[in-house]
Amino acid sequence: MKLVAVRKNQEGKITHFLTDKDTVITIEEAEQLARTGELDSLSEIHADGSWVIDAMQHMEGNNLAGLPEF
């Protein structure tokens, strides 16, 4: 499953994601899906839009907050 858009609160923190399956999930659900490997290779997601991929090499980024808003 991939994350395609975000919903933010008034403080600018991510509260929900829209997935490529047209479902809306909370940040907490996204964190759990990432930990269980169900979320497009992401292993960690944080409310500030940062993420971690733990594969052959450790990669990090912070662009989830830049996804389109819905």
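The basis for the numbers below is simple: all heavy atoms, side chains too, and nothing from hydrogens, waters or symmetry mates.
- Residues satisfying the side chain to side chain donor-acceptor pair (under 3.5 Å) test with Thr26, not counting sequence neighbours, are Glu28, Glu29.
- Of all non-hydrogen atoms in Phe70 and Leu18, the two that sit nearest each other are CE2-N, 3.6 Å.
- Residue Lys8 holds its NZ atom at 8.5 Å from CG of Leu67, rounded to the nearest 0.5 Å.
- The shortest heavy-atom contact between Val4 and Pro68 is O-CD, 3.5 Å.
- Between the CG atom in Leu39 and the CD atom in Glu31 there is a gap of 10.5 Å [rounded to 0.5 Å].
- Qualifying side chain to side chain donor-acceptor pair (under 3.5 Å) partners for Arg7, counting only residues two or more places apart in sequence or in other chains: none.
- Within the structure, side chain to side chain donor-acceptor pair (under 3.5 Å) contacts touching residues 12-22 (residues at least two apart or in different chains) are Thr19-Thr23.
- In terms of heavy-atom proximity, Ile14 sits nearest to Val6 at CD1-CG1, 4.1 Å.
- Of the candidates Ile45, Ile25, Leu3, Ile25 is the only one forming a side-chain contact (heavy atoms from CB on, under 4.5 Å) with Leu33.
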